[in-house]
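Notes for the one structure printed next.
Throughout, a chain's letter reflects where its sequence line sits, starting with A, and its residues are numbered from 1. Computed over heavy atoms, backbone and side chain alike; hydrogens, waters and symmetry mates excluded.
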2 protein chains.
Amino acid sequence: MAISTERIDPRVQRTRGLIQQAFQALMREQGFESITIQSITERATVNRSTFYAHFTDKYDLMDTLMREQVRDVLRRTLPDDAPVNRAHLHALTRAICEYLMNFQSARCQAAGHDQCEPLIEAAVQAELHSFIEAWFKRLPGPTTPPDVSVAMAASIASWTIFGAGLHWRNAAQRCSLDDLSWQVVAALTKGVPAAMGQPGRLA
Amino acid sequence: MAISTERIDPRVQRTRGLIQQAFQALMREQGFESITIQSITERATVNRSTFYAHFTDKYDLMDTLMREQVRDVLRRTLPDDAPVNRAHLHALTRAICEYLMNFQSARCQAAGHDQCEPLIEAAVQAELHSFIEAWFKRLPGPTTPPDVSVAMAASIASWTIFGAGLHWRNAAQRCSLDDLSWQVVAALTKGVPAAMGQPGRLA
DNA sequence: CAACGTGTGTTGGATAATCAACGGGTGGTG
DNA sequence: CACCACCCGTTGATTATCCAACACACGTTG
């Protein structure tokens with residue numbers, strides 16, 4: 001069990017923080033593509049070679065930054081001991097959609113087509129997945145023979161939420177965030193056909 | 001000549017900054033006396049032993065912090081190439097008095113009689129002195145035999161300004177800052193008797 | 001009194017960050 | 001073409017910071 005929060009050297013925390021902070025500022029000002037490693041390290045008052053001790057390139061930086069952000073959002077959304085139920089699924093969906101939305105408007109569109117969008121989305125989905133997997137693992141054991149493993153269920157749930165969120169974000173006109181989240185919850189809990197009002201049609 | 005700004009290791013700058021920042025925050029919250037080295041380093045996210053690599057104790061920290069602040073104020077008050085004249089003497093006096101005033105109200109009174117007040121004042125005077133000395137040294141050579149050396153003149157001027165500032169700050173009712181500054185300038189340029197309207201009385 | 005908790009300064013060894021330098025890539029300009 | 005300017009990614013040696021530990025002082029409490 002990797003419960004323990006491996007003590008991280010404060011120097012590491014500091015430089016990571018400085019780099020990420022500088023990166024975010026530059027993102028707001030310039031957009032992703034035109035950012036250079038030098039500019040990051042200069043603004044962070046960190047030696048350029050130090051950057052490479054922590055990240056392999058700016059894509060890596062972007063990736064880990066996104067993951068951390070998403071992880072924080074999720075942790076803040078659900079209490080540590082949250083049971084798996086409709087309300088919490090709803091909250092989770094809401095949070096992810098909000099995050100996707102904020103992100104769209106805030107970043108990554110300054111300089112035409114930044115290449116970072118897919119990166120971001122992959123990071124979001126990945127973190128959502130691992131969060132949900134950990135969450136599902138705290139469920140009591142099955143009372144009837146399961147059709148899917150916990151890992152598979154987590155994968156499906158995360159992709160469902162993520163996919164719906166992306167669809168919603170990119171839609172020409174969006175229903176309310178609340179509506180959307182309940183739709184997702186319905187699909188997740190009842191199954192897609194039932195959620196569509198077509199019970200038994202595919203049975 | 002120690003003209004060159006000795007390149008300082010960025011790590012040193014950072015930790016010094018973190019420590020000073022933490023210290024200032026604690027000053028506002030607690031006052032000087034109750035501050036502990038541990039609390040400073042904890043808030044600064046700096047190892048306690050690192051503190052001693054930069055300062056001998058909290059008095060030392062206070063001292064250097066005050067000096068730096070005063071130096072900044074003075075540098076911001078006068079342009080680098082400012083000639084020595086009445087207007088600039090006025091500006092200098094004003095700046096010092098303002099600083100003393102702000103300080104009085106802001107800090108060092110939270111917890112009764114903090115022991116740091118004399119420390120601070122000494123630091124202010126010392127920095128004012130060295131600033132003025134450097135300033136006076138840029139004057140052209142004397143045209144008549146001088147009565148006092150540059151160093152002595154700087155000492156006198158700095159103590160005059162400083163003393164007047166302290167007196168003014170502690171007075172029950174204060175004249176305007178502008179008034180005060182012109183009084184000081186008069187005393188400095190005409191001599192005390194003439195400034196008092198008693199020319200020749202002590203001659 | 002002793003035992004305890006808390007803060008101080010100091011030390012030696014481990015680790016992270018800095019710095020200068022190198023080779024290589026890319027794009028612009030004479 | 002050569003030249004220049006800029007950025008990349010890496011290296012080895014140097015320096016700053018971290019960390020655990022120690023001895024000391026002080027006030028409190030049993």
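Spacing between atom CD1 of B/Ile8 and atom P of D/dT15 amounts to 16 Å, rounded to whole angstrom units. A straight line from CG of A/Leu61 to P of D/dC8 spans 12 Å, rounded to a whole angstrom. Between the CD1 atom of A/Ile19 and the P atom of C/dA16 there is a distance of 14 Å, rounded to whole Å. Taking atom CD of A/Glu42 as the reference point, atom P of C/dT18 lies 13 Å away to the nearest angstrom. Atom P of nucleotide D/dT17 and atom CG of B/Leu18 are separated by 10 Å, given to the nearest angstrom. Remark: P of D/dA20 and CZ of A/Arg7 are 10 Å apart, rounded to the nearest angstrom. Atom-to-atom, CD of A/Gln38 to C1' of C/dA20 comes out at 14 Å; the value is rounded to the nearest Å. In this structure, B/Arg14 atom CZ and C/dA17 atom P are separated by 9 Å, rounded to whole Å.
Residue whose closest nucleotide on DNA chain D sits further toward the 5' end, between A/Phe51 and B/Thr50: A/Phe51. Heavy-atom distances to DNA chain D give each of B/Thr45 and A/Ile37 a nearest nucleotide, and the one nearer the 5′ end belongs to A/Ile37. Nearest-nucleotide mapping onto DNA chain C: of A/Arg16 and B/Ser39, the residue sitting toward the 5' end is B/Ser39.
The A/Tyr52 side chain lies nearest to D/dC8 when the options are C/dG9, C/dA17, D/dC8. Of the candidates D/dA16, D/dG9, C/dG9, D/dA16 carries the atom nearest the A/Arg11 side chain, counting heavy atoms from C-beta on. The side chain of B/Asp9 has D/dT15 as its nearest neighbour among D/dT15, D/dC19, D/dC8. Minimum atom distance to the side chain of A/Arg48 is reached by C/dA21, of the listed C/dA21, C/dT18, D/dT17. Here the side chain of B/Thr15 is nearest to one of D/dG9, C/dG7, D/dT17, namely D/dT17. Checked against C/dA17, D/dC8, C/dC19, the side chain of A/Val12 finds its nearest nucleotide in C/dA17. Relative to the side chain of B/Asn47, the nucleotides D/dC18, C/dG7, C/dG9 differ in distance, and D/dC18 lies closest. The side chain of A/Asp57 approaches D/dG9 more closely than any other nucleotide in the set D/dG9, C/dT8, D/dC18. Checked against C/dA16, D/dT17, D/dC19, the side chain of A/Pro10 finds its nearest nucleotide in D/dC19.
Of the inter-residue distances, the one linking B/Asp72 atom CG with B/Arg67 atom CZ reads 14.0 Å to the nearest 0.5 angstrom. Note that the CE atom of B/Met27 and the OG atom of B/Ser34 stand 9.5 Å from one another [nearest 0.5 Å].
B/His54 has a side-chain polar atom (N or O) that falls below the 4.0 Å cut-off from OP1 or OP2 of D/dT17.
Ring-centre distance between B/Phe55 and B/Phe23: not below the 6.0 Å cut-off. For B/Phe136 and B/Phe131, the ring centers are positioned 6.0 Å apart or more.
Nucleic acid contact class of A/Thr36 (heavy atoms, under 4.0 Å, all strands): sugar-phosphate only.
The backbone N or O of A/Val185 sits nowhere less than 3.5 Å from a side-chain atom of A/His90 that would complete a donor-acceptor pair.
Of the charged side-chain nitrogens involved, none lies within less than 4.0 Å of a carboxylate oxygen, so that B/Arg16 and B/Glu68 do not count as a salt-bridged pair.
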